[in-house]
Amino acid sequence: MSVSYRQPGVVLTDRRFTVPLDHEDPTGETIELYAREAVASDKADREDLPWLVYLQGGPGFGANRFVGRQAWLDRALDDYRVLLLDQRGTGHSTPLNRQTLPLRGGPANQAEHLTRFRADSIVRDCETIRPALTGGAPWTVLGQSFGGFCTVNYLSTAPEGLRAAVLTGGLPSLDAHADDVYRAAYPRIERKVAAHYDRYPQDVERARRIAEYLLRHEPVLPNGYRLTAEAFQSLGIMLGGSDGSHRLHFLLEHAFVRTPRGHELSDAFQEEVQNSLSYAGHPLYALVHEACYAQDARPTAWSAERVRGEFPQFDAAKTLAGDGPLLFTGESIHPWMFDCDPALRPLRETAELLAARTDWPALYDPARLAVNEVPVAAAVYHDDMYVDTAHSLRTARSVRGLRTWVTDEFEHDGVRAGGPRVLDRLLALTRDEV
């Protein structure tokens, strides 16, 4: 049963759907999807409003929990009835985590189960639920980051379901292996770290001091997370967001407190770090992150960890043996995370099996994209830390009719940080208004 309620300027309805776990076996096991419908209060009774479905970034995150008409939703509600979908395995949809995955059996069964939680399955979920909502009419998709990867799969496999497609920071390479993705990523991350230290030069010494302490002590945080120097470096994931550099700076400035035993990491610092590093709320991100790039017989084989070895400047111990700045990392998953994080620790063997897998199906169809007829517009953020700009622009040239807006005004989270402006411009591009 659907339940509706109100927030300022918007009527929300909780919706639940049953879809096949494996779309190749439509009469087999099913899972539940949750989505929140949003419609402007003054348009709630209109039956003719077109639908827009939002695909969140990640993988592994539920849809945004907006209050009222926040961020891009304000612009979307001017024209659409919006479906904020918790993709399979996330949010209120049938969850996947260390508590529920053992219901599938041992690590081999768990790994096999997780292969059904990539972009291709998410798109087939959308096509399964769309007719019940739209009466069969196509809808518009907004894909942020990984949601954009899903959108390119949508254009490859079910373009008849789309009225238009809008992507923000989410144009993937059509054929790059995970190794190619990370070889392009580490130099971008290094540039973001350099920009951070230019902005906050006092953080060079602060970061070195924290890393030196961690190399000697490796404390266990209150939630059981083992904080290593490598884990500390991974806080650089913040640097890909609009306010991330500032948040990282504020975190570093209160790292230590003087105690009877000498200087130790403060409780406030430990609390904030564990909340930033824990995957308890989104374990799928860690489990299937590299699998998002897998499309052939090559295993991902802990790509980010292997490729990092090609960039020795990211090695904390080597850096601290000299006098250079500590480099942060981000947007990468490493095997040590499954040792450090109590939310991931029971899933280490499952993750190893996924990393070794060699039978990944293709996610994109270049031939079909070359004859695309769906209006498509994409925001490509200049030097996006999370999605390589060159890869995105190469894909843009491969999708017939796709219009790009390349900008350095925003970071990867521009569709949220930019309020209505980013979505408004992209919708205008799909309509040939600009």
Side-chain angles (χ1 to χ4, degrees), residues 15-35 53 55-56 58-60 83 85-91 93-97 100-134 136 138-139 141 143 146-162 165 172 174-175 177-178 283-284 287-300 347 350-351 353-369 374:
R15 292 189 175 273
R16 298 187 183 276
F17 310 90
T18 300
V19 299
L21 169 63
D22 182 353
H23 285 278
E24 295 301 316
D25 182 16
T27 62
E29 183 180 350
T30 61
I31 57 174
E32 185 176 76
L33 299 180
Y34 169 84
V53 59
L55 298 180
Q56 178 66 287
L83 192 72
L85 176 64
D86 283 353
Q87 297 160 19
R88 53 170 51 203
T90 75
S93 296
T94 300
L96 291 182
N97 53 48
T100 63
L101 274 169
L103 294 170
R104 310 305 309 185
N109 290 334
Q110 294 173 27
E112 180 65 29
H113 185 67
L114 286 164
T115 63
R116 301 183 182 94
F117 288 79
R118 299 202 307 159
D120 46 1
S121 294
I122 292 167
V123 167
R124 296 185 75 171
D125 289 343
C126 290
E127 279 300 277
T128 299
I129 68 177
R130 177 179 60 84
L133 295 170
T134 71
W139 55 11
V141 61
F146 171 71
F149 292 22
C150 296
T151 300
V152 177
N153 179 274
Y154 216 144
L155 291 165
S156 295
T157 61
E160 66 279 1
L162 296 177
L174 300 181
D175 57 7
H177 183 264
L284 269 182
L287 286 163
V288 301
H289 191 270
E290 291 194 356
C292 291
Y293 304 112
Q295 298 195 78
D296 53 30
R298 290 176 293 173
T300 57
L347 303 172
T350 301
L353 291 170
L354 282 171
R357 196 174 183 97
T358 58
D359 58 349
W360 297 105
L363 292 168
Y364 313 116
D365 184 343
R368 200 162 189 184
L369 294 171
V374 178

Counterpart residues, side-chain contact (heavy atoms from CB on, under 4.5 Å), relative to [X] (two or more places apart):
X: L21; result: E29, I31, R88, R104, H113, R116, F117
X: A178; result: Y182, Y293, T300, S303
X: T90; result: D86, Q87, L284
X: D365; result: S156, A367, R368

Kindly give the heavy-atom pair with the smallest separation between [X] and [Y], and that separation in Å.
X: C292; Y: L363; result: O-CD1, 3.4 Å
X: A111; Y: L354; result: O-CD2, 3.5 Å
X: T100; Y: L96; result: OG1-CA, 3.3 Å
X: L83; Y: R15; result: CD1-CD, 4.5 Å
X: P172; Y: V152; result: CD-CG2, 3.6 Å

What pairs of residues pass the salt bridge (Lys or Arg N to Asp or Glu O under 4.0 Å) test when at least one of them lies in residues 353-362, not counting sequence neighbours?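 Checked against salt bridge (Lys or Arg N to Asp or Glu O under 4.0 Å) - neighbours excluded - the pairs reaching residues 353-362 are E112-R357, R357-D359.
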Answer whether the closest heavy-atom distance between the side chains of V123 and T151 falls below 4.5 Å. no
Using side-chain heavy atoms (C-beta onward) and a distance below 4.5 Å, is S93 in contact with L33?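 With C-beta onward as the side chain, the pair touches.
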Using 0.5 Å steps for rounding, measure from the [atom1] atom of [X] to the [atom2] atom of [Y].
X: L347; Y: L353; atom1: CG; atom2: CG; answer: 11.5 Å
X: L85; Y: I122; atom1: CG; atom2: CD1; answer: 8.0 Å
X: L155; Y: Y364; atom1: CG; atom2: OH; answer: 11.0 Å
X: C150; Y: L55; atom1: SG; atom2: CG; answer: 5.5 Å
X: L103; Y: N109; atom1: CG; atom2: CG; answer: 12.0 Å

Output all residues satisfying side-chain hydrogen bond (donor to acceptor under 3.5 Å, both in side chains) with [X], sequence neighbours left out; order by chain, then residue number.
X: W139; answer: Y154
X: D296; answer: R298
X: E290; answer: none

Partner residues of F17 under the ring pair (Phe, Tyr, Trp, His ring centres under 6.0 Å) criterion, sequence neighbours left out: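 In terms of ring pair (Phe, Tyr, Trp, His ring centres under 6.0 Å), with neighbours along the sequence ignored, F17 is linked to no residue.
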Could you list the residues that satisfy ring pair (Phe, Tyr, Trp, His ring centres under 6.0 Å) with H289, not counting sequence neighbours?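 Partners of H289 under the ring pair (Phe, Tyr, Trp, His ring centres under 6.0 Å) test: Y285.
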What residues form a salt bridge (Lys or Arg N to Asp or Glu O under 4.0 Å) with D175, not counting sequence neighbours? none
For D120, what residues pass the salt bridge (Lys or Arg N to Asp or Glu O under 4.0 Å) criterion, not counting sequence neighbours?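 Counting only residues at least two positions away or on another chain, D120 forms no salt bridge (Lys or Arg N to Asp or Glu O under 4.0 Å).
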Do L174 and L369 pass the side chain to side chain contact (heavy atoms under 4.5 Å, CB included) test, and can you show the C-alpha distance, the side-chain angles, and the key distance before you say yes or no? CA-CA 10 Å; L174 300 181; L369 294 171; 3.8 Å; yes
With a 4.0 Å cut-off, would you call E127 and R124 a salt bridge? no
Could you tell me whether the side chain of T358 and the main chain of P299 form a donor-acceptor pair under 3.5 Å?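 Answer holds: no.
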